[in-house]
Undergrad: 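Sharing a structure, written as structure tokens. Questions coming.
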Amino acid sequence: LQIHTALDLDMNQFVNNVFDKHPEFFQNKRQQAAITITDPRNGTVLAQNGGRFQHNVVGLNRATLANRSTGSSIKPIVDYGPAFEYLGWSTNQPLNSNAYHYAGTNVTATNFGGASYGTVTLRRAVVESMNTPAIRTLDAVGPIKAKTFANKLGIYQRKAFQGSYAIGVNASTAQMASAFGAFSNNGIYRKTEYVKYLIFPDQSRKNIKAPVHRAMSPATAWIMNNVLKGVITENSGTLHAGEVKGIHMAAKTGTVAYPSNAKVPDDSAMDFWTCGYTKSLSIALWDCLLYTSDAADEL
């Protein structure tokens, strides 16, 4: 039996070398990372790395492990995508960016640094990754519509999509690469697929195709692409430094803070996400600095 995969050997080796042989991109050897790169046109996995310095055949594959919060990279999937699809919102939809109090709790959500900007457009809220407009957007969408939209993109949660889920849910890089690939692919979602085809001993062939369905309208995908391009092209975008001249790209970043009782610097982030795509590539990258309680001086 011959199993033919979509793995791009050169691309995969490049990723492996960045993870293991370029310490200048990481803060120390304990910093972990994972990445999945797919072709959104057919759902195939072109490259994947489940962890730095991990060469065991049966080692932990962090690229497919859905146990880390996505932070703000989930906002297009849970908040803004459903708002475009079901509420008919535009990119100029006005949103309140002041502090948000979660009903029935003593918890208040704020934007980075506790900043408030008054009423902002949806476009600005996405480009600058504001938290409180995203939470209010999820309130307007409601948990049922948010769940419907997210599920169509392969993102599932046991609890209702409400409250803090607006700014982070647990997902894997494989799930996120496929989800963002649907924006690139005119709203068509394809689940990650590793195998392209099989050749049997009698030389018969079986093609393997990733499950496919329409996850959103073409209009929603177009609007989302337009907004997410600004994350890279606009000066205030959270990934402005990542622009590659001559390539049409779109992206969303996400960060997750350490718990308040963690002995790390106040501005430290536990999880970092970058989900970006072109017409032919969708990439989801996660990394995390694995602190011990007394290792804050390693920053």
Side-chain angles (χ1 to χ4, degrees), residues 5-8 34-48 63-66 70 72-89 126 137-138 141-158 161 165-166 168-197 207-229 231 248-252 254 273-286:
T5 73
L7 183 71
D8 184 316
I35 190 172
T36 298
I37 303 176
T38 68
D39 184 337
R41 298 168 296 185
N42 53 34
T44 54
V45 176
L46 302 177
Q48 191 172 74
T64 59
L65 197 64
T70 60
S72 293
S73 62
I74 203 64
K75 292 173 182 175
I77 298 168
V78 173
D79 311 325
Y80 300 116
F84 295 145
E85 181 79 357
Y86 304 122
L87 305 183
W89 283 12
V126 175
T137 298
L138 179 55
V141 167
I144 295 177
K145 287 184 173 66
K147 179 180 180 180
T148 299
F149 194 86
N151 285 177
K152 287 182 179 180
L153 292 175
I155 304 298
Y156 305 95
Q157 294 291 315
R158 291 183 178 179
F161 283 93
Y165 282 111
V169 303
N170 287 356
S172 69
T173 65
Q175 288 175 306
M176 295 296 279
S178 292
F180 275 82
F183 295 127
S184 168
N185 200 35
N186 201 36
I188 301 296
Y189 171 83
R190 285 182 168 86
K191 187 178 180 181
T192 50
E193 180 60 66
Y194 295 86
V195 178
K196 293 179 68 177
Y197 60 90
N207 293 324
I208 307 297
K209 293 185 178 180
V212 57
H213 62 260
R214 176 162 290 285
M216 70 195 80
S217 69
T220 293
W222 188 91
I223 295 170
M224 186 61 71
N225 291 336
N226 184 273
V227 173
L228 294 181
K229 285 179 183 178
V231 174
H248 295 288
M249 305 165 60
K252 184 70 190 75
W273 285 80
T274 300
C275 299
Y277 57 90
T278 65
K279 291 299 293 182
S280 58
L281 292 175
S282 182
I283 301 174
L285 169 66
W286 163 86

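Because only heavy atoms are used, hydrogens play no part in the values below, and waters and symmetry mates are left out as well, while side chains stay in.
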Undergrad: Decide yes or no for Leu153 and Met216: does some side-chain heavy atom of the first lie under 4.5 Å from some side-chain heavy atom of the second?
TA: yes
Undergrad: Please report the C-alpha distance between Lys152 and His213 in whole Å, then the side-chain angles of each, then the deciding distance to 0.1 Å, and finally whether the side-chain contact (heavy atoms from CB on, under 4.5 Å) criterion is met.
TA: CA-CA 8 Å; Lys152 287 182 179 180; His213 62 260; 4.1 Å; yes
Undergrad: Would the distance check show the side chain of Ser178 and the main-chain N or O of Thr192 forming a donor-acceptor pair, the cut-off being under 3.5 Å?
TA: yes
Undergrad: Over all heavy atoms of both residues, which pair between Val231 and Val126 is shortest? Give the atoms and the distance, please.
TA: CG2-O, 4.2 Å
Undergrad: Quick one: are Thr70 and Asn170 in side-chain contact, heavy atoms under 4.5 Å?
TA: no
Undergrad: Taking the side chain as C-beta and beyond, is there a heavy-atom pair between Thr173 and Ile35 under 4.5 Å?
TA: no
Undergrad: Taking atom CG of Leu87 as the centre, report whether more than 12 heavy atoms of other residues, nucleotides or ligands fall under 6.0 Å from it.
TA: yes
Undergrad: Kindly indicate whether the side chain of Lys196, heavy atoms from C-beta on, has any atom under 4.5 Å from the side chain of Asn207.
TA: no
Undergrad: Give the intermediate values and the outcome of side-chain contact (heavy atoms from CB on, under 4.5 Å) for residues Trp89 and Thr137.
TA: CA-CA 10 Å; Trp89 283 12; Thr137 298; 3.6 Å; yes
Undergrad: Write down the atom of Tyr189, the atom of Ala182, and the distance for their closest heavy-atom approach.
TA: CA-CB, 4.0 Å
Undergrad: Evaluate the side-chain proximity of Val169 to Phe161: yes if any heavy-atom separation is below 4.5 Å, no if none is.
TA: yes
Undergrad: State, to 0.1 Å, how close Ile77 and Ala179 come at their nearest heavy-atom pair, and which atoms those are.
TA: CD1-CB, 3.7 Å
Undergrad: Rounded to the nearest 0.5 Å, what separates atom CD in Gln157 from atom CG in Asn151?
TA: 9.5 Å
Undergrad: Heavy-atom distance under 4.5 Å between the side chains of Arg214 and Asn186, does that happen here?
TA: yes
Undergrad: To the nearest 0.5 angstrom, please state how far the OH atom of Tyr277 sits from the CZ atom of Phe180.
TA: 7.5 Å
Undergrad: Between Gln175 and Ala66, what is the shortest heavy-atom contact and its length?
TA: OE1-CB, 3.5 Å
Undergrad: For the CD1 atom of Ile208 and the OG1 atom of Thr5, what is their distance to the nearest 0.5 Å?
TA: 12.5 Å
Undergrad: Do the side-chain N and O atoms of Thr148 and Lys145 include a donor-acceptor pair separated by under 3.5 angstrom?
TA: no
Undergrad: Using the side-chain contact (heavy atoms from CB on, under 4.5 Å) rule, take Val45 and Ile37 through it: C-alpha gap first, then chi angles, then the decisive distance, then the call.
TA: CA-CA 6 Å; Val45 176; Ile37 303 176; over 6 Å; no
Undergrad: Among side-chain atoms of Thr36 and Gln48, is any donor-acceptor pair under 3.5 angstrom?
TA: yes
Undergrad: Should Thr38 and Ser282 be marked as a side-chain contact (heavy atoms from CB on, under 4.5 Å) after you check the CA-CA gap, both sets of side-chain angles, and the distance that decides it?
TA: CA-CA 5 Å; Thr38 68; Ser282 182; 3.5 Å; yes
Undergrad: Are the side chains of Val78 and Phe149 in contact, using a 4.5 Å heavy-atom criterion?
TA: no
Undergrad: For Ala146 and Pro82, which heavy atoms make the closest approach, and how far apart are they?
TA: CA-CG, 4.2 Å
Undergrad: With a 3.5 Å distance limit and no angle check, can you tell me whether Asn225 reaches the backbone of Ala221 through a side-chain donor-acceptor pair?
TA: yes
Undergrad: What closest approach, in Å, do Cys275 and Ser73 show between heavy atoms, and which atom pair accounts for it?
TA: SG-CB, 4.1 Å
Undergrad: Quick one, Tyr80 and Val227 - any side-chain contact, counting heavy atoms below 4.5 Å?
TA: no
Undergrad: Does Glu85 reach the main-chain N or O of Thr220 with its side chain, forming a donor-acceptor pair under 3.5 Å?
TA: no
Undergrad: Atom NE2 in His248, atom NZ in Lys229: separation rounded to 0.5 Å?
TA: 6.5 Å
